[in-house]
Amino acid sequence: MGLEQAAEDLQQYLSNASKEQSKQTNQDDVVFHQWATFKVNNELYGIDVIKVKEVLRFSEMTPVPGAENYVLGIINLRGNVVTVIDTRRLFGLPPVPTDDDTRIIVIEYNEQEVIGIVVDSVDEVINLPQNDVDRAPSVSSDESTRRFVQGVCYHNNVLIILLDIMKMLTSITPHDSEDGPSEIA
């Protein structure tokens, strides 16, 4: 083997090693995102776990006269008034009786306000690679729910619909007036 051949072999080896390292670096650079998952009408949904303050058992609430039909009422959570939204009504689904699995997911809406959403059941917190999340397909003409969908992803062979919870809550809350922020209810 001549010197030129050895130099070519070394160059080839270094090139292959660089490609392999690049592949490993790309795998190491995968960004994972945590999602709190829950079910509504036997569909699995996910929301950014950062927005979830806590999960409560379903409890009785005080109705709010004149509120939108998706507002179930308000609850007192350690001195804070929490407006509770019915996701089934918001998504245009038929109502079902509450049971032992029904939960209220308390979400931090802004610095002054938390909102609860009623779900059929909570599932788990999962880590999903960001590059596994696909854009939501535009198969529905129903803008009311599609506009909340941030993306979709398969996890353990189950489709998860990832919601943009802030977009969802912003779309149903009244905008601030000149008098200052207004409440949902």
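Everything numeric here is computed off the predicted structure, so don't read it as measured data. All residue numbers refer to positions in the sequence shown, counting from 1.
Between the side chain of Asp86 and the backbone N or O of Arg88, at least one donor-acceptor pair lies under 3.5 Å. Counting only distance, with no hydrogens or angles, the side chain of Arg103 and the backbone of Val122 share no donor-acceptor pair below 3.5 Å. With hydrogens and angles ignored, the 3.5 Å screen pairs a side-chain donor or acceptor of Asp120 with a backbone N or O of Asn41. The closest donor-acceptor contact from the side chain of Ser121 to the backbone of Thr102 lies at 3.5 Å or more, if one exists at all. Asp99 places a side-chain N or O within donor-acceptor distance of the main-chain N or O of Asp101, the cut-off being under 3.5 Å.
For Arg78, the salt bridge (charged side-chain N to carboxylate O under 4.0 Å, His left out) partners at least two apart in sequence or on another chain are Glu54. Pro63 meets the side chain to side chain contact (heavy atoms under 4.5 Å, CB included) test with no other residue; sequence neighbours excluded.
Its side chain within the 4.5 Å cluster rule, Leu56 clusters with Phe58, Met61, Leu72, Ile75, Leu77, Val82, Val84, Ile104, Val106, Val114, Val118 among the Ile, Leu, Val, Met, Phe, Trp and Tyr residues.
The two atoms that bring Leu163 and Gln150 nearest to each other are O-OE1, 3.8 Å, heavy atoms only. The shortest non-hydrogen separation linking Tyr109 to Thr170 is OH-CA, 3.8 Å. Minimum heavy-atom separation, Pro129 to Val30: CB-CG1, 3.7 Å.
Taking the six-membered ring where the residue is Trp, Tyr45 and Phe91 present tilted rings, their angle falling between 30° and 60°.
Lys53 has its side chain out of reach of Ile107: every pair of non-hydrogen atoms, C-beta onward, lies at least 4.5 Å apart.
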